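None of the values given here were measured: they were computed from a predicted structure. A, B, ... follow the sequence lines: proteins, then strands. Residue 1 opens every chain.
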2 protein chains.
Amino acid sequence: MAGRAAVPEVIWARPERTGRGPRPAYTRADIATAAVKVADEGGLDAVSMRHVAAELGCGTMSLYNYVPRKEDLYELMVDAVGGEHELWEPSGDWRADMRRVAQQTRVLMHRHPWMTRLMSPVYGFSPNALRYLEHCLACLDPLDARYGMKMQLVGMLNGCVTSYVATELAAAERTRSLPWSAEEESAVRVAYLGGVLAGGAYPRMAAAFTETSGPIDLDGAFESMLERMLDAFAQRG
Amino acid sequence: MAGRAAVPEVIWARPERTGRGPRPAYTRADIATAAVKVADEGGLDAVSMRHVAAELGCGTMSLYNYVPRKEDLYELMVDAVGGEHELWEPSGDWRADMRRVAQQTRVLMHRHPWMTRLMSPVYGFSPNALRYLEHCLACLDPLDARYGMKMQLVGMLNGCVTSYVATELAAAERTRSLPWSAEEESAVRVAYLGGVLAGGAYPRMAAAFTETSGPIDLDGAFESMLERMLDAFAQRG
DNA sequence: GCCCACTACGTACGGTGTACGTAACTAGGA
DNA sequence: TCCTAGTTACGTACACCGTACGTAGTGGGC
């Protein structure tokens with residue numbers, strides 16, 4: 001019975017403290033906080049083992065005592081942000097509760113814009129993910145359906161919110177990080193898109209673009225998306 | 001009027017050939033194909049400027065003549081995969097057509113598993129994205145709604161499909177890349193999750209897990225998600 | 001009290017994106 | 001027609017990355 005293969009355990013299954021040897025200087029929460037701070041201030045690309053260790057005040061390689069791979073650091077970060085969800089006593093109106101959950105998720109993702117890039121393997125059952133999911137299920141108690149279906153609802157909601165916010169943030173980033181004025185950028189885009197669309201190969205896209213002139217109501221579009229989604233589950237219960 | 005700032009143009013707005021100087025040795029399509037091949041064979045992490053250049057058969061820095069930043073290389077890859085969508089004459093049944101579109105997207109993402117990680121800034125209006133969107137809108141002609149709403153439908157569908165496939169692939173990856181047997185892994189997970197859930201803090205999660213024993217019908221769940229989504233738009237048209 | 005697992009951390013290696021400089025080439029204007 | 005300026009091609013170099021490995025010190029279990 002050789003010693004287990006080196007790495008691939010889920011980090012949440014590994015105990016934070018084993019009882020032997022010196023006391024660890026930091027908790028997992030400390031590390032997550034430091035990593036989140038680095039990401040908030042410098043973007044996800046600033047999250048390197050060196051930077052996080054420096055933020056924490058320890059040597060680079062010491063981090064590896066807590067976090068076997070960088071990927072696990074990401075997992076800690078996602079869990080930490082998940083912990084920012086403020087939960088409440090379910091109201092009895094599952095639509096209202098789920099709307100509130102989704103709105104809160106959107107707010108969290110705006111607060112931590114790097115989150116959309118870490119959402120690929122959604123819900124690895126970290127502690128805060130469990131807490132969050134349990135709360136969602138509690139909110140959905142009034143809905144007469146199997147748990148499988150409720151999980152599906154939560155999954156779809158999260159998928160849509162994530163992709164919505166990702167688009168939202170990408171658009172914001174594009175206009176913010178620009179060395180030229182917004183008008184000039186807009187002109188460039190119009191020149192390109194307009195040029196392509198004027199070709200006549202994509203008449204419906206052209207119509208879609210002329211349909212909505214002026215700034216888009218992002219909040220309204222989000223609400224609308226939400227209602228659609230909730231409709232889908234209200235209908236067939 | 002100083003020369004424009006260095007980089008941040010959208011790559012699709014930059015002409016592939018300017019007319020001056022020697023003929024480029026490769027086309028954008030060549031580069032996209034090479035990068036996709038590297039990603040398919042070695043995963044997204046294998047996509048480095050060096051590897052792609054080697055696959056292409058040129059020096060590393062020559063790539064930068066075609067692709068100003070690595071991010072643009074990703075954009076080329078996403079566009080190339082978008083080109084794999086096989087389009088058809090709309091049938092007149094928008095639900096059937098959109099179902100087919102979504103199923104095709106899922107197939108593409110299984111063929112190129114790295115795609116789910118590149119979908120954050122969905123649809124930067126690359127050529128094949130335009131082609132794809134125009135096709136979706138054509139399929140939605142029978143649906144009596146504004147283009148804004150149809151775009152919303154396409155966006156939500158893509159968001160859900162992406163997040164669904166991402167979860168699907170993450171689960172598959174987890175069981176595949178394992179040094180231990182699937183049973184042993186399962187045992188570890190059960191030990192962790194079971195341990196947490198047995199605590200009684202998450203009764204609904206525990207119930208959800210006991211509800212569905214045995215393997216999950218991934219195709220069925222996908223279809224189910226799709227129908228939900230289409231229902232939502234059929235309802236309020 | 002001893003042992004050994006554990007923490008801490010410096011060094012080092014192979015890899016990354018890309019700024020910069022140089023040489024060859026070719027289309028447009030004289 | 002030739003010149004020149006913009007482009008392609010690509011090697012070198014730099015700062016930074018994840019992390020394997022070795023060493024030293026610490027403190028709980030036998």
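Ion pairing between B:Asp72 and B:Arg14 fails under the 4.0 Å rule for side-chain N and carboxylate O.
Between A:Glu71 atom CD and D:dC17 atom C1' there is a gap of 16 Å when expressed in whole angstrom units. Rounded to an integer number of Å, the gap from B:Tyr26 OH to D:dA9 C1' is 10 Å. In this structure, CZ of A:Arg69 is placed 17 Å from C1' of D:dC17, rounded to the nearest angstrom. Regarding A:Glu16, its CD atom lies at a distance of 11 Å from the P atom of C:dT7, rounded to whole Å. D:dA20 atom P lies 15 Å from atom NZ of A:Lys70, rounded to whole Å.
Listed in residue order, the members of residues 40-66 of chain A having a heavy atom less than 4.0 Å from DNA chain D are A:Val47, A:Ser48, A:Met49, A:Arg50, A:His51, A:Thr60, A:Met61, A:Tyr64.
Side chain of A:His135 to main chain of A:Leu87: no donor-acceptor pair is present (N/O by atom type, distance under 3.5 Å, no hydrogens or angles). Distance alone, capped at 3.5 Å, is enough to place a donor-acceptor pair between the A:Lys70 side chain and the A:Val47 backbone.
Counting heavy atoms of neighbouring residues, nucleotides and ligands inside a 6.0 Å radius, atom CD of A:Glu86 does not exceed 12 of them.
Evaluated for a side chain to side chain contact (heavy atoms under 4.5 Å, CB included) with B:Leu108, the options B:Arg106, B:Arg111, B:His110 yield exactly one hit, B:Arg111.
Proximity of the aromatic rings of B:Phe125 and A:Tyr202 is defined here by a centroid distance below 6.0 angstrom, and this criterion is not met.
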